[in-house]
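The block underneath contains the structure these notes are about, expressed in structure tokens.
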Amino acid sequence: MTDFNSLLATDRGQKAHPIHLVDKASFEDWAKTRPAEDRAHLKAHRFDGKAGFAFVMMPRKVDEFEVVSAVHNVDELSPWCLAKLAESLPEGTYKLATGEPGPAALGWLLGQHRFDDYRSKTDDAERGARVLVTGEPARIDATVRLADAVSLVRDLVNTPALDLGPAELEQAVRTQAEKIGAEVKVISGDELSTGYPLIAAVGQAASKDRAPRLLEVEWGNPDHPRVTIIGKGVCFDTGGLDLKPASGMRLMKKDMGGAAHALALATLIAGERLPVRLQLLIPAVENSVSGSAIRPGDVVKSRQGLQVEIDNTDAEGRLVLADALARASEREPELIVDFATLTGAARVALGPDLPAMFVNDDDFANDLAKAGMEVTDPVWRMPLWDAYDEMLKSDIADLANASNTPMAGAVVAAMFLKRFVPRGAKWAHFDTYAWRDQAKPGRPKGGDALGLRAVFAVLSQRYPRP
């Protein structure tokens with residue numbers, strides 16, 4: 001993992017290349033303050049301050065230069081407005097000519113993160129670090145923690161399923177739990193089969209070395225309010241006997257993206273020392289095909305007691321989350337957040353950048369939506385439409401795990417989960433893509449954290465550190 005601590009430095013007057021940020025409105029006035037040779041240099045590069053990531057370097061001596069870059073608004077820097085510079089500038093130390101980077105420091109860090117574990121040779125390996133000097137030392141640790149959390153999600157999601165099955169996901173959880181001083185409990189084997197039958201049923205077709213398990217982490221003062229974070233940990237999803245086509249299976253290494261989000265959020269909560277009693281639940285399974293695979297039409301009794309008819313073996317994520325929600329309810333949390341790469345319907349409705357958000361409390365939903373816009377990590381609320389509950393009716397059991405219609409797929413999945421949410425608990429469900437199809441500055445193609453920073457911002461406001 002990238003050492004982000006080395007990429008932000010406290011301003012102690014050290015030598016640094018200035019970065020001038022301009023926007024369309026301020027460029028002309030700023031340019032008038034520059035020497036004639038600078039104005040000629042800018043004109044030669046046709047640089048006029050239009051928004052975007054265009055930048056030029058203005059040379060002084062061989063080892064001295066200044067940088068000018070165009071942003072959308074110099075008064076409201078986004079997290080990503082420095083990311084392209086961090087990717088492209090020569091190695092060295094830099095500092096904003098005026099002002100502080102604020103949220104843009106996150107993009108500076110993530111612009112230098114690479115997932116190169118499977119490359120035998122990389123050009124970036126030979127490049128040095130680009131260090132950003134800031135006069136906000138109090139923000140450095142918090143920004144580094146955010147960057148670490150985002151990169152944790154990216155690295156886990158990008159790892160091929162060959163190297164990240166349930167056992168390896170367990171080890172990743174143990175590694176992070178050790179860092180934050182948390183307790184880990186693993187439920188597997190007969191204890192899983194009898195206590196968490198839906199999780200066991202989804203994972204029962206996998207080989208012994210990829211056997212299903214429920215990972216439970218506890219952290220914090222037991223006297224503090226209980227918060228439960230749940231993440232779908234389907235390390236690879238073939239669809240089961242309702243087999244996916246090749247095109248649908250290609251990216252299914254990312255089906256544990258919910259677990260990656262949940263684990264990363266737990267590290268942020270602990271790193272910030274929020275006054276909560278945290279419970280992290282990750283059902284880690286592989287939805288495979290074999291003679292022991294769960295079949296369409298089978299009925300499985302959930303941990304909660306509801307009998308679930310398996311209408312579609314490819315609707316497995318909601319099954320493992322249901323047993324995890326039942327476990328959460330036994331500890332009576334006041335707030336539950338779950339992350340899952342749950343439905344293609346959410347992507348059809350909202351595209352890749354907007355996680356679908358389902359919340360059973362209006363104030364909580366409004367806080368999440370507002371925070372998402374403030375930290376540039378947008379989420380979009382979708383309805384928990386009670387009338388669609390009838391789509392989950394079963395002829396022989398308490399409910400089915402899927403509908404016989406393709407309509408409202410994301411809503412129906414959320415309505416299934418709602419059946420297992422404890423009464424009185426505020427609950428937010430994020431149906432997230434956990435992936436980026438096209439690269440943007442600071443956000444390479446591949447695994448990505450979507451909705452993570454928004455949720456953390458709300459938890460930080462709701463449970464402020466004393």
Side-chain angles (χ1 to χ4, degrees), residues 192-206 212 214 230 232 234 237-245 248-249 252 255 258 283 285-330 338 340-349 356 358 360 382-423 427 429 431:
L192 187 76
S193 299
T194 57
Y196 302 87
L198 289 176
I199 297 174
V202 171
Q204 68 190 25
L214 176 64
I230 302 174
K232 173 188 170 184
V234 178
D237 180 21
T238 66
L241 292 180
D242 288 309
L243 194 68
K244 293 178 182 290
M249 211 182 298
M252 282 302 100
D255 214 22
V285 303
E286 182 168 289
N287 189 21
S288 300
V289 179
S290 74
S292 61
I294 191 172
R295 296 166 291 270
D298 284 354
V299 177
V300 182
K301 187 178 182 179
S302 69
R303 179 176 180 83
Q304 189 196 70
L306 289 174
Q307 298 275 4
V308 181
E309 182 179 14
I310 308 304
D311 180 78
N312 189 326
T313 63
D314 195 22
E316 85 298 332
R318 65 200 70 179
L319 296 176
V320 301
L321 290 175
D323 270 359
L325 284 164
R327 171 59 178 163
S329 68
E330 295 161 12
D338 78 69
T341 51
L342 206 62
T343 68
R347 307 285 69 76
V348 172
F358 298 85
N360 65 355
M382 299 281 277
L384 288 165
W385 194 248
D386 289 337
Y388 290 167
D389 199 55
E390 65 180 17
M391 293 185 183
L392 294 168
K393 285 183 177 179
S394 165
D395 293 334
I396 63 171
D398 294 319
L399 76 166
N401 76 322
S403 171
N404 59 8
T405 172
M407 295 183 181
V411 179
V412 172
M415 293 304 298
F416 179 90
L417 296 179
K418 185 182 176 185
R419 295 281 193 103
F420 300 88
V421 174
R423 290 185 178 181
W427 167 61
H429 159 58
D431 191 338

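Please read all numbers here as calculations on a predicted model, not as lab measurements. In this chain, numbering begins with 1 at the start of the sequence shown.
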Discussion item. Check whether K232 reaches the backbone of T341 with its side chain - one donor and one acceptor, N or O, closer than 3.5 Å.
Written reply: yes
Discussion item. Treating D314 as the side-chain partner and L243 as the backbone partner, does any N or O pair qualify as donor plus acceptor under 3.5 Å?
Written reply: no
Worksheet, complete the sentence: What one should report as the nearest heavy-atom pair of M415 and D386 is CE-OD1, 3.6 Å
Fill in: Residue list, salt bridge (Lys or Arg N to Asp or Glu O under 4.0 Å) with D237, at least two apart or on another chain
K244
Worksheet entry | Atom pair CG (L417) and CG (L325), whose distance is rounded to the nearest 0.5 Å | 6.0 Å
Worksheet item: What pair of heavy atoms forms the shortest contact from V411 to P383, and how long is it?
Response: CG1-O, 3.3 Å
Item to complete: Let me see the working for Q204 and V285 under side-chain contact (heavy atoms from CB on, under 4.5 Å), right down to the final yes or no.
Response: CA-CA 9 Å; Q204 68 190 25; V285 303; over 6 Å; no
Worksheet item: Is a side-chain N or O of D298 found less than 3.5 angstrom from the main chain of I310, in a donor-acceptor match?
Response: no
Fill in: Interatomic spacing from CG in D431 to CZ in R347 - rounded to 0.5 Å
5.5 Å
Discussion item. When you compare the side chain of L241 with that of P296, does any pair of heavy atoms fall below 4.5 Å?
Written reply: yes
Worksheet item: Okay, side chain of N401, backbone of D311: is any donor-acceptor separation there less than 3.5 Å?
Response: yes
Worksheet item: Between atom CD1 of I294 and atom CG of L198, what is the distance when rounded to the nearest 0.5 Å?
Response: 7.5 Å
Discussion item. Assess the residue pair L306 and F420 against the criterion (side-chain contact (heavy atoms from CB on, under 4.5 Å)); give the C-alpha distance rounded to whole Å, side-chain angles, the decisive distance to 0.1 Å, and a yes or no.
Written reply: CA-CA 9 Å; L306 289 174; F420 300 88; 4.1 Å; yes
Worksheet item: Is a side-chain donor-acceptor pair under 3.5 Å present for T405 with S403?
Response: no
Discussion item. Has T238 got a side-chain atom pairing as donor or acceptor with N287's backbone, closer than 3.5 angstrom?
Written reply: yes
Worksheet item: Among all residues two or more places apart in sequence or in another chain, which pass the salt bridge (Lys or Arg N to Asp or Glu O under 4.0 Å) test with D338?
Response: none
Worksheet entry | salt_bridge(D389, K418) N-O dist < 4.0 Å | no
Worksheet entry | Nearest non-hydrogen partners of T343 and A346, listed with the distance | OG1-N, 3.2 Å
Worksheet item: Looking only at heavy atoms, which two atoms of P212 and G203 are closest? And how far apart?
Response: CD-O, 3.5 Å
Worksheet item: So, the side chain of S394 versus the backbone of A400: is there a donor-acceptor pair under 3.5 Å, distance only?
Response: no
Fill in: Worked check of side-chain contact (heavy atoms from CB on, under 4.5 Å) between L319 and F416
CA-CA 9 Å; L319 296 176; F416 179 90; 4.0 Å; yes
Item to complete: Quick one: closest heavy-atom pair of A345 and A410, and the distance?
Response: CB-N, 3.5 Å
Worksheet entry | Spacing of L399 atom CG and E309 atom CD [to the nearest 0.5 Å] | 9.5 Å
Worksheet item: Who are the ring pair (Phe, Tyr, Trp, His ring centres under 6.0 Å) partners of F358, not counting sequence neighbours?
Response: H429
Worksheet item: Can you tell me how far the NZ atom of K393 sits from the CG atom of N404, to the nearest 0.5 Å?
Response: 12.0 Å
Item to complete: Using salt bridge (Lys or Arg N to Asp or Glu O under 4.0 Å) as the criterion, list what pairs up with E330, not counting sequence neighbours.
Response: R303, R327
Response to the item:
For Q304, the side-chain hydrogen bond (donor to acceptor under 3.5 Å, both in side chains) test, sequence neighbours excluded, returns none
Worksheet entry | Atom pair CZ/CG of R318 and D323 - distance to nearest 0.5 Å | 14.5 Å
Fill in: N360 side-chain N/O to W427 backbone N/O, donor-acceptor pair under 3.5 Å
yes
Worksheet item: What heavy-atom pair brings L342 and A413 nearest, and what distance separates the two atoms?
Response: CD2-CB, 3.7 Å
Worksheet item: Would you say the side-chain atoms of S288 pair up with the backbone N or O of A205, donor to acceptor, closer than 3.5 Å?
Response: no
Worksheet entry | salt bridge (Lys or Arg N to Asp or Glu O under 4.0 Å) partners for D395, two or more places apart | none
